[in-house]
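Accompanying notes for the structure given below.
Position 1 is the first residue of the sequence, and the numbers go up from there. None of these values were measured; they are calculated from a predicted model.
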Amino acid sequence: MKKPLLLLAIAASAVIMLCGCASEKESRADFFSMNTFMSVSAYGENGDTAVKQAQSRVTELDRLWSVTAPDSELSRLNSGESFPVSPETAELAAFCAEFSERTDGAFDPTIYPVLTAWGFTREENRVPPESEIKELLTRVGIENVLQNGNEITLENGATLDFGAVAKGYAGDESARIMRENGVSSALINLGGSITTVGKKPDGSDWLIGVKNPLSEGNAGTLALSELSAVTSGAYERYFTAEDGTVYGHIIDPATGCPADNDLLSVTIVSENATLCDALSTALFVMGSEKAQDFFRENGSVMGFDIILITKSGEIAVSEGISDRFTLTDKSFSLVIL
Ligand code: AMP
Ligand code: MG
């Protein structure tokens, strides 16, 4: 099934900025990278320079990590080459390996062949036969990624894909560039992965929308400063099979099938956008109960908060951000964790 660009644009704004009003001059870049629409806004002196640098950094990361561009570092690894990768590739690969273990494989950066079998990478969706999924799963697993410093080797025909974390990493990098340029007020929206630097020029928090996964509007708003928020949900990219079943783009590595549980979306809030991105994908795979267990065990150690929207119409918000969250769609019921 081919998806019009408009749908991608809607998915990209899974979290929508609600307020851009400001008295100071806005420097802004809108661009397409990492297969999604992005916008970076900075206020005050050096804004123009910072925004340009952030855009070129994101584009550079996309060139390193695109799994469709044949000469990217990940494509070269995926085609069986073994070589010393760039420091950022090594850093993110090591993060992914550790995170995959920590989430008992719910997060798995080697899931790509299965994703391809479901047609998500080519936008030619299909339901693969069970035998094909089983066969592909033999190549999946973080144990197939051997890393020694910057040297990475993929064994057993495995492939590496940073699709679930790259935008988060790019958000952290963009925020670093803002601060290095002395920008103290910026909003970075990389396809719905939001990173905020400081506050709005008027001194208030950045207000962003948490999308209602069932309709066009927002379910609530989040007031953020110096924090990132990343949402994962099947509604962001999916297809409907002939029998009416809806299949989303986040795969449960335990089954090789799109994650199908009681969750509609997971939003993670943390100072670390890479962590937000990885966690939103992993907790979406886990389902509500396991996600809450994982949060109780790791939330304060790892430093993150959660918003879970369930199919039963509940929005569960962890206490740490309950004063930042406002429920705007009253058809949902709010629960504080
Ligand atoms: P996100 O939108 O950050 O949740 O990332 C979803 C993307 O990550 C998908 O489009 C796939 O490219 C990839 N992906 C799907 N399932 C997983 C998984 N279980 N672990 C890691 N990456 C995944
Ligand atoms: Mg993610």
Side-chain H-bond candidate by donor/acceptor type, [X] with [Y], under 3.5 Å:
X    : Y    : result
D172 : T274 : yes
S318 : D305 : yes
S27  : D48  : yes
S86  : E73  : yes
S41  : E26  : yes
S270 : N272 : no
W65  : S72  : no

Nearest 0.5 Å please: distance from the [atom1] atom of [X] over to the [atom2] atom of [Y].
X    : Y    : atom1 : atom2 : value
N189 : R28  : CG    : CZ    : 8.5 Å
I251 : D108 : CD1   : CG    : 11.0 Å
T103 : I142 : OG1   : CD1   : 9.5 Å
K200 : D205 : NZ    : CG    : 9.0 Å
E143 : E101 : CD    : CD    : 9.0 Å
M302 : I268 : CE    : CD1   : 9.5 Å

Practice task
For the residue pair F239 and W118, categorise the inter-ring angle as parallel (less than 30°), tilted (30 to 60°) or perpendicular (more than 60°).
Solution key: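 The rings of F239 and W118 sit tilted, inter-plane angle from 30° to 60°.
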Handout entry: Option among L136, T116, I133 that satisfies the side-chain contact (heavy atoms from CB on, under 4.5 Å) test with P128
Key =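 In the set L136, T116, I133, the residue that makes a side-chain contact (heavy atoms from CB on, under 4.5 Å) with P128 is I133.
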Practice task
Carefully, step by step, assess L61 and E88 under the rule side chain to side chain contact (heavy atoms under 4.5 Å, CB included).
Solution key: CA-CA 8 Å; L61 294 174; E88 46 274 66; 4.0 Å; yes
Side chains of [X] and [Y] in contact at under 4.5 Å (non-hydrogen atoms):
X    : Y    : result
T221 : V210 : no
I315 : V335 : no
L214 : L264 : yes
T196 : I188 : no
E155 : L146 : yes
L190 : V40  : yes
D277 : S280 : yes
L77  : V85  : yes

Heavy-atom count check: over 12 atoms from other residues, nucleotides or ligands less than 6.0 Å from [X] [atom1]?
X    : atom1 : result
E130 : CD    : no
D323 : CG    : yes
E226 : CD    : yes
E289 : CD    : no
Q147 : CD    : yes

Problem - Cluster overlap M38 with I177, hydrophobic side-chain contacts below 4.5 Å - result: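 No, because M38 and I177 fall into different hydrophobic clusters, even though each may have its own neighbours under 4.5 Å.
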Exercise for the section: May I ask you to check whether F304 and F295 place their ring centers less than 6.0 Å from one another? Expected result: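 Between F295 and F304, which both carry aromatic rings, the centre distance is below 6.0 Å.
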Exercise for the section: Begin with the C-alpha distance, continue with both residues' side-chain angles, and end with the deciding distance and a verdict on salt bridge (Lys or Arg N to Asp or Glu O under 4.0 Å) for K290 and D293. Expected result: CA-CA 5 Å; K290 276 196 188 157; D293 289 345; over 6 Å; no
Exercise for the section: Mind listing the closest non-hydrogen atom pair of Q55 and F31 along with its distance? Expected result: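 Result for this residue pair: NE2-CB, 3.5 Å.
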Practice task
Assess whether side chain to side chain donor-acceptor pair (under 3.5 Å) is satisfied between N212 and D329, documenting all intermediate values.
Solution key: CA-CA 8 Å; N212 180 342; D329 186 334; 3.0 Å; yes
Problem - Option from R57, R179, K167 for which salt bridge (charged side-chain N to carboxylate O under 4.0 Å, His left out) with E173 holds - result: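 When salt bridge (charged side-chain N to carboxylate O under 4.0 Å, His left out) is applied between E173 and each of R57, R179, K167, only R57 qualifies.
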Exercise for the section: Answer yes or no for R76 and F83: cation-pi contact, defined as NZ/CZ to six-membered ring centre under 6.0 Å and angle to ring axis within 45°. Expected result: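 So R76 does make the cation-pi contact.
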Practice task
Would you mind checking if D260 and K311 are paired as a salt bridge, meaning a charged N to carboxylate O distance below 4.0 Å?
Solution key: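 Answer for the salt bridge query: yes.
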Problem - Salt bridge present between E180 and R176 (N-O < 4.0 angstrom) - result: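 Yes, E180 and R176 are salt-bridged.
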Practice task
Applying salt bridge (Lys or Arg N to Asp or Glu O under 4.0 Å), run through E242 and R126 and close with a yes or a no.
Solution key: CA-CA 10 Å; E242 270 168 24; R126 64 190 266 272; over 6 Å; no
Problem - Check against side chain to side chain contact (heavy atoms under 4.5 Å, CB included), T281 and I250 - result: CA-CA 7 Å; T281 310; I250 298 174; 4.0 Å; yes
Exercise for the section: Evaluate the side chain to side chain donor-acceptor pair (under 3.5 Å) criterion for residues S56 and T59: first the C-alpha distance (whole Å), next the side-chain angles of each, then the deciding distance (0.1 Å), finally the verdict. Expected result: CA-CA 5 Å; S56 62; T59 312; over 6 Å; no
